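Take a look at the structure set out below.
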Amino acid sequence: MTESAIDWEALTAEAVAAMRTAYAPYSGFPVGVAGLVDDGRVVSGCNVENVSYGVGLCAECGMVSELARTGGGRLVAVACVNAEGEPLMPCGRCRQLIVEHGGPGCLLRTPTGVLPMSEVLPQAFGPEDIEHVTGESATH
Ligand code: THU
C-alpha cells in the first residue's frame, strides 16, 4: 500500500486511544500502537508493565496478540506513540514483531516520516535464514 493511501491521522488517533489505556506505573511512560491490517481492520495495543520489570509487555505485543486473536492477516501500516501522541520508534524486539506480521513493506510512522520496515530493521532475521540451513520450511 502506498503511504498516501493510509489515513495516518486516524491510525495515530487509535494509537493515542490505546496509549491512554496503558498500565505503566513503573516507568511512567505509556505507549500506544495501532496497525492497519490488509483487510481494513485496525488493531491496537498498549504497554502493560509488571513489578517484575523484565516481564513487562510492550504495546506492540498487545497489538500483534489482537491481530492473531481477531483473524490474523498482514499489517500494512503501523503508528506507535508516546504520551504526547508523538511518533515513537518501536524497540528492537518490537521491530521484529512488526516485520513478522507485516513484512519488509509494512509502513511505520516515525519521528522522521513514514518509512518501510526494510529501513527500520534492515537485513532482518527471517524464516529464510532457517530454511537456508535446514532445507525445510520454517513454518508449519
Ligand atoms: N515500550 C513499548 O511499549 N514499546 C516500545 O517499542 C518501546 C518501549 C514500553 C516498555 C515500557 O513499558 C516503557 O515503554 C518504557 O520502556
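Read the numbers this way: they start at 1 and go in the same order the structure lists the ligands and their atoms. Just so it is clear, the model here is predicted, and its values are computed rather than measured. All residue numbers refer to positions in the sequence shown, counting from 1.
Distance check, rounded to the nearest 0.5 Å: CD of E119 to OG1 of T112 gives 9.0 Å. Atom OG1 of T139 is separated from atom CD of E131 by 6.5 Å, given to the nearest 0.5 angstrom. In this structure, CG in L107 is found 11.5 Å from CD1 in I98, a value given to the nearest 0.5 Å.
Here the heavy atom of the protein found nearest to atom 9 (C) of ligand 1 is N47 ND2, 3.6 Å. Remark: minimum distance from atom 16 (O) of ligand 1 to any protein heavy atom is reached at F29 CD2, 4.8 Å.
At a 4.0 Å heavy-atom cut-off, ligand 1 touches S27 through the side chain alone.
Within a 4.0 Å radius of atom 4 (N) of ligand 1, the protein contributes one or more non-hydrogen atoms.
Every atom of ligand 1 with a heavy atom of A59 under 4.0 Å away is listed here by number and element: 2 (C), 3 (O). Close approach of ligand 1 to E49 (heavy-atom distance below 4.0 Å) involves ligand atoms 11 (C), 12 (O), 13 (C).
Considering both main-chain and side-chain atoms, C58 never comes within under 3.5 Å of ligand 1 through any nitrogen or oxygen pair. By the 3.5 Å distance cut-off applied to N or O atoms, L57 is not counted among the residues near ligand 1.
Applying the side-chain hydrogen bond (donor to acceptor under 3.5 Å, both in side chains) criterion to R95, with sequence neighbours excluded, gives no partner residue.
A donor-acceptor distance shorter than 3.5 angstrom exists from the side chain of R41 to the backbone of L67, with no hydrogens or angles considered.
Taking both residues in full, the closest heavy atoms of A18 and C46 are given as O-CB, 3.2 Å, listed atom of the first, atom of the second, then distance.
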